[in-house]
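Sequence positions, counted from 1, serve as the residue numbers for this chain.
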Amino acid sequence: LAEGDPLFYSSYMHMHKRITERFPTEIVPGITSVSASAAALGLPLVEGNDVLTVLPGTLGRDALAERLRAPGAAAIMKISRSYAAVRDALKDSGRLASAYYVERASDGTRQAIERAGDVDPSAVPYMSLVIMPGEEAAGQPVLPSSSPAPESVAPGAGPGRVDVVGLGPAGRDFLTPRAAAALAAADDLVGPAPYVDRVPRNPRQRRH
């Protein structure tokens, strides 16, 4: 088992190199921390022709700053022991003000979001990263880190809610339980027809 995607900065990769020649191996993709952090922030990462750069925080201050000077969205992984240098690189590249620190993305009550410049380098855990949305997204409001998931609302009992659900790349076998539960609870399904058609029909629901 691996947290996130097994082939995206995962410890599993070291095992993968040793077992694939000896055993049939199938990789079941997970949700990367980059995607989970963007969801926690409530911001799109890239739009149109934007470019996303993913960097390891272990590159060092100067190398990070040089790469961060390029335009576009960025995510910095593996920051726990290198956060002081990462923060200095963000400052050197002029991107500190637009950078967000996300800790334990998607991990329920332990998830935390802060401005990157406000984080104490001595308190950064392994499961954390820095993320900078593209220019169009940077001006949008960010969800507070303490926002709880809204409770379900009975039809007609008050204002409704919107759940945005990722259907996964390969059908129902790759749908997360949380996504499946949101789809089952919905009164209305809204989206492009090919996507909506992938959801099993429920006579209680309206499709748009």
| task | Please name the pair of heavy atoms, one in Arg207 and one in Pro200, separated by the smallest distance, quoted to 0.1 Å. | result | NH2-O, 3.2 Å
| message | So for atom CZ, which belongs to Arg204, do other residues, nucleotides or ligands contribute more than 12 heavy atoms lying within a distance under 6.0 Å? | response | yes
| message | Please determine whether residues Val130 and Ile113 belong to a single hydrophobic cluster, defined as Ile, Leu, Val, Met, Phe, Trp and Tyr linked transitively by side-chain heavy-atom distances below 4.5 Å. | response | no
| said: Checking the side chain of Ser122 only, and the main-chain atoms of Asp120 only, is there a donor and an acceptor separated by less than 3.5 Å? | reply: no
| said: According to a hydrophobic-cluster definition based on side-chain heavy atoms being under 4.5 Å apart (Ile, Leu, Val, Met, Phe, Trp, Tyr only), do Tyr195 and Val190 belong together? | reply: no
| query | Roughly how far, to the nearest 0.5 Å, is the CE atom of Met132 from the CG atom of Leu41? | reply | 11.5 Å
| said: For residues Met127 and Val102: do they belong to one hydrophobic cluster (side chain heavy atoms under 4.5 Å, members Ile, Leu, Val, Met, Phe, Trp, Tyr)? | reply: no
| request: Kindly work out whether a path of hydrophobic side-chain contacts (I/L/V/M/F/W/Y, heavy atoms less than 4.5 Å apart) joins Val46 to Tyr100. | output: yes
| query | Is Asp188 close to His208 at the side-chain level, that is, under 4.5 Å between some pair of heavy atoms? | reply | yes
| field | Glu103 side chain near Arg110 side chain, heavy-atom distance below 4.5 Å | value | no
| Interatomic spacing from OG in Ser128 to CD in Gln111 - rounded to 0.5 Å | 12.5 Å
| side chain to side chain contact (heavy atoms under 4.5 Å, CB included) between Asp92 and Glu66, intermediate numbers included | CA-CA 9 Å; Asp92 294 346; Glu66 180 180 355; over 6 Å; no
| Does one hydrophobic cluster hold both Val54 and Ile131, with members joined at side-chain heavy-atom distances below 4.5 Å? | yes
Let me check something: any side-chain donor-acceptor pairs from residues 73-90 under 3.5 Å, sequence neighbours excluded? List them with distances.
{"residue": "Tyr83", "atom": "OH", "partner": "Ala116", "partner atom": "O", "Å": "2.6"}
{"residue": "Arg87", "atom": "NH1", "partner": "Val119", "partner atom": "O", "Å": "3.2"}
{"residue": "Asp88", "atom": "OD2", "partner": "Arg61", "partner atom": "NH1", "Å": "3.4"}

| Is there a side-chain contact between Leu129 and Ser37 (heavy atoms, below 4.5 Å)? | yes
| request: For the residue pair Thr20 and Arg22, establish whether any side-chain heavy-atom pair is separated by less than 4.5 Å. | output: no
| query | Roughly how far, to the nearest 0.5 Å, is the OG atom of Ser35 from the CG atom of Leu45? | reply | 7.0 Å
| field | Distance-minimising heavy-atom pair for Ala123 and Tyr101 | value | O-OH, 4.4 Å
| field | Smallest separation among heavy atoms of Ala36 and Ile31, with atom names | value | N-CG2, 4.1 Å
| query | Which pair of heavy atoms, one from Asp50 and one from Gly134, lies closest together, and at what distance? | reply | OD2-CA, 4.1 Å
| query | Could you walk me through whether Arg206 and Asp187 pass the salt bridge (charged side-chain N to carboxylate O under 4.0 Å, His left out) check? | reply | CA-CA 6 Å; Arg206 296 178 294 271; Asp187 297 308; 5.8 Å; no
| field | Leu68 side, atom CG; Lys91 side, atom NZ - distance, nearest 0.5 Å | value | 15.0 Å
| field | Heavy-atom donor-acceptor pair, Ser98 side chain to Arg95 backbone, under 3.5 Å | value | yes
| remark: So OG of Ser33 and CD of Glu3: to nearest 0.5 Å the spacing works out to 10.0 Å
| Taking all non-hydrogen atoms of both residues, which atom of Ala186 and which atom of Gln205 are closest, and how far apart? | O-NE2, 2.9 Å
| message | Applying side chain to side chain contact (heavy atoms under 4.5 Å, CB included) to Asp163 and Leu183, what does each step give before you reach the verdict? | response | CA-CA 9 Å; Asp163 291 306; Leu183 290 171; over 6 Å; no
Per-pair distances, 0.1 Å, donor-acceptor, side chain in residues 7-15, under 3.5 Å, sequence neighbours excluded:
{"residue": "Ser10", "atom": "OG", "partner": "Pro6", "partner atom": "O", "Å": "3.4"}
{"residue": "Ser10", "atom": "OG", "partner": "Tyr12", "partner atom": "N", "Å": "3.0"}
{"residue": "Tyr12", "atom": "OH", "partner": "His16", "partner atom": "ND1", "Å": "2.7"}

| note | Rounded to the nearest 0.5 angstrom, the CG-CZ distance for Leu55 and Arg67 is 6.5 Å
